Each structure stands twice: as C-alpha cells, then as structure tokens.
S.K.: 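To start, I am sharing the structure in question, which I have written as structure tokens.
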Amino acid sequence: MADSPAIRQLPREGLVAGMRAVAPIAIAVLAFGASFGILARDAGMGTVAPIVMSLTTFAGSAQFAVASVLESGGAVAAAIAAAVMLNLRYLAVGTSVAPSLAGGKLWRLLVAQLAIDESWAVSQRDGRVDRHRMIGAGLVLLIAWCAGTVAGVVGGSALGDPSDYGLDAMFPALFLALLVGQIDGRRARVAALAGGLIALALTPLVPPGLPIVAASAGAVIALGVRA
Amino acid sequence: MTAVWVAVGLVGLATVALKGAGPLVFADRPLPRTFGLVMPLLAPCLLAALVVGQTMADGRALVVDARLAGVAAAAVALAVRAPLLVVLVVAAGVAAAARAVGAA
C-alpha cells in the first residue's frame, strides 16, 4: 500500500500481492462458507445446489439470505428479492472496476465476477482498481468460500459457529483498516462520513442491502466540497 | 427442490448481471466524466458503509453487540499502527471474548 505509484507491478506480482492481502480474511471466509453449507443443507437445498450457488453467486450475505428464507419456509420469490437487494451494490462496484479491465467482453464479464467486497477493497490503488490484485484476491476468496461450502454441506463444521471465535468481527475490521488507508483528503473524509451516516440512518428504515446502495450517494455529496 | 434451483439460478444470474453490467456497457467507451470524478470517492464511502453495516446491523435492527467491541479494539490497534494481521486477530479475539462473557 505504501508503494510508489511509479512502480509498475508485473501482473504476477499483482496477483501474488492480491492473494497475500486477503490471506488472513480467507480463513474467516472458509469458516463462513462452512456455516453457509450447513444452513443450506438444513434448509433443504441439498448438496449440489449450495455449491453451485457459492461458485456462481459468490456473495455471502445474499446466499445466507436465500438459505435463511427457505429454511424458515418463506416464499422463493422473497428469497430471490432479498438476495438481489443485498447484491445491488455490485452494480456500482462492477462499474467502478470497468475502466481497469482489459480483453474481450466475455473475459471482462468473468473477471468482474471476482469483484466482491473484500477483493475490491484490497485492490484499490490511486483511486482505481488494480485488476491483477483483484483477480488474485478474488480467486483465493472464491476457493476459500467454495471449499468451506463443500465442507459444510458434506461434513458439517468441526468448528461450530464461526461467530463464537469472533470471525464475524474480522470483516468490518478489515474494511476499517482499508478505510483508514483511503482517507487522504477532505473529500475522502466527507465521502466516508456521509457513507457511514447514510448507512446508519437507513438500516432501520429499509430492507437489508439498500442502505449501502443509498450510501454510495455519499461519494456524490463529497464532490460538492472543495478538494 | 425445483424451487431451490430456481432461486439458485435466478440469484446467480442476477448477481452475474449486476457485477458485469458496468464492465460490459463500458467495454468500448470511457466512463462518463462525472462517474470518473465520483469513482475515487466510492471506496472510502462504501468502506465506511460496510463498516457500519457489518458492525451494527442485524437485519433491519441496529444492535450493539460483540462485533462493536471487536471493531473498537481493531480501531485502537490501527491507531497504534499495528500490522493488518494483528488488527484482524485483535478484532476476532475481543469479539470472541465479549461473546464468551455474555455481551451477546
């Protein structure tokens, strides 16, 4: 993170840097993958569907939402709606990745799937996304998430609830650490403050997933202050 | 079971489309200028929202629980410039301890 922007990373170095950056959090992702697998199995999703879902949807909160709704006997439409709302933020995240991608359209579409909160967050460099870092980080997290899911649906988890180990607190701690590195001026400070406050204010008022979508308005608000 | 596959298929397709829409639309042309200005600010903005959501949100409720203790401890670790791995371990350890003593 302290590297000079003048140092152009070779793709391989970028990939490895991305893999390293998410290595600690990958353990938590693995554990939560197992809890998703267990919940999905208990929800009657079988063994194959949860694994296919981890490979294709690859977004923790949305997958937990689907499994929870189905487990409590809720309607499929409600499960889908909840998951789509939780993933709406990826429209903004994906678009912010767009200028960094290269290659054909199918390749771009595939690489964009590796953009999840954690991989996107650790690959921010100089106001844009370093795609090699994001690919390295995304692949490690995808492997951890899917391996955890397989372990969960097949064998359950030897660990029990990952929250008992405080693993759920690792995610906001990672985002906080990355946020500190992003606060490099007045506008960034205003953007962070506005984003945090909007999320806080809207959480009790709108369905889960929408507060963070609305929070992206904080970035626009911040444009209004002098840099 | 069919219902399960419908959910898995539709959520998967929707997620692929949400992540891929921007990269496909802007594959051959540059992002609009406004978006280019907003983009560097999106990271601090969304990171702050993620911190708030993952620390205090439980569905539609705002709650104070062990996660907040863990994240507060992580903030202290960050303030004394601890390495990232230490920050994450401190967050997990304090949250686990808070939960163990029954702070929920």
Side-chain angles (χ1 to χ4, degrees), chain A residues 24 45 49 52-53 56-57 59 66 76 79-80 83-84 87 90-91 94-96 98-99 101 105 108-109 112-113 115 117 121 124 127 165-180 182-183 187-188 191-192 195-196 199-200 203-204 208 212 215-216 218-220 222-223, chain B residues 1 3-8 10-12 14-16 18-27 30-31 35 37-57 59-62 66-67 70-71 74-75 78 84-85 87-88 91-97 99:
Chain A
M45 291 177 72
V52 169
M53 191 176 208
T56 53
T57 298
V66 169
V76 175
I80 296 169
V84 170
N87 279 347
Y90 283 124
L91 195 57
T95 306
S96 82
L101 299 181
K105 285 195 170 181
R108 284 169 200 246
L109 183 68
Q113 303 310 313
D117 297 330
Q124 298 291 327
Y165 302 88
L167 297 186
D168 53 344
M170 284 178 88
F171 297 99
L174 172 73
F175 295 133
L176 182 66
L178 295 166
L179 173 62
V180 170
Q182 287 287 329
I183 305 289
R187 276 184 172 170
L200 194 64
T203 297
I212 190 166
S216 47
V220 181
L223 270 186
Chain B
M1 206 58 210
V4 168
W5 280 106
V6 168
V8 169
L10 286 181
V11 171
T15 308
V16 168
L18 285 168
K19 286 182 180 176
L24 285 187
V25 171
F26 298 109
L31 284 176
F35 202 91
L37 287 172
V38 172
M39 219 174 59
L41 296 169
L42 202 58
C45 179
L46 287 188
L47 283 169
L50 283 167
V51 171
V52 167
Q54 302 210 355
T55 305
M56 299 188 69
R60 279 174 76 156
L62 283 174
R67 294 174 298 172
V71 173
L78 282 167
L84 180 61
L85 187 59
V87 172
L88 298 179
V94 170
R99 237 172 229 130

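Just so we're on the same page: letters track the sequence lines, and every chain starts at 1. Note: hydrogens, waters and symmetry copies are ignored here, and every other heavy atom, side chains too, is used. Fair warning: this is a prediction, and the values are worked out from it, not measured in the lab.
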S.K.: Between A/Val66, A/Leu109, A/Thr56, A/Leu101, which has the largest tally of heavy atom pairs under 4.5 Å with chain B?
M.R.: A/Leu109
S.K.: Answer with side chain, backbone, both or neither: which region of B/Leu24 has an atom nearer than 4.5 Å to a non-hydrogen atom of chain A?
M.R.: both
S.K.: Measure the spacing between CG of B/Leu46 and CG of A/Leu178 and express it to the nearest 0.5 Å.
M.R.: 12.5 Å
S.K.: Could you measure the distance from the CD1 atom of A/Ile80 to the CG atom of B/Leu10? Nearest 0.5 Å is fine.
M.R.: 4.5 Å
S.K.: Counting only non-hydrogen atoms closer than 4.5 Å, does B/Ala75 touch chain A with its backbone (N, CA, C, O), its side chain (CB onward), both, or neither?
M.R.: both
S.K.: Could you tell me whether a side-chain N or O of B/Lys19 sits under 3.5 Å from a main-chain N or O of A/Tyr90, the two making a donor and an acceptor?
M.R.: no
S.K.: For B/Leu88, is it the side chain, the backbone, both or neither that has a heavy atom under 4.5 Å from a heavy atom of chain A?
M.R.: both
S.K.: So for A/Val76, is it side chain, backbone, both, or neither that comes closer than 4.5 Å to the heavy atoms of chain B?
M.R.: side chain
S.K.: Given a strict heavy-atom distance threshold of 4.5 Å, which part of A/Leu179 is in contact with chain B: side chain, backbone, both, or neither?
M.R.: both
S.K.: Non-hydrogen atoms of chain B under 4.5 Å away: do they reach the side chain of A/Ala188, the backbone, both or neither?
M.R.: both
S.K.: In terms of heavy-atom proximity below 4.5 Å to chain A, should B/Ala14 be classed as side chain, backbone, both, or neither?
M.R.: side chain
S.K.: Atom CG in A/Asp168, atom OG1 in B/Thr55: separation rounded to 0.5 Å?
M.R.: 9.5 Å
S.K.: So how far is it from A/Thr203 OG1 to B/Leu62 CG, rounded to the nearest 0.5 Å?
M.R.: 5.0 Å
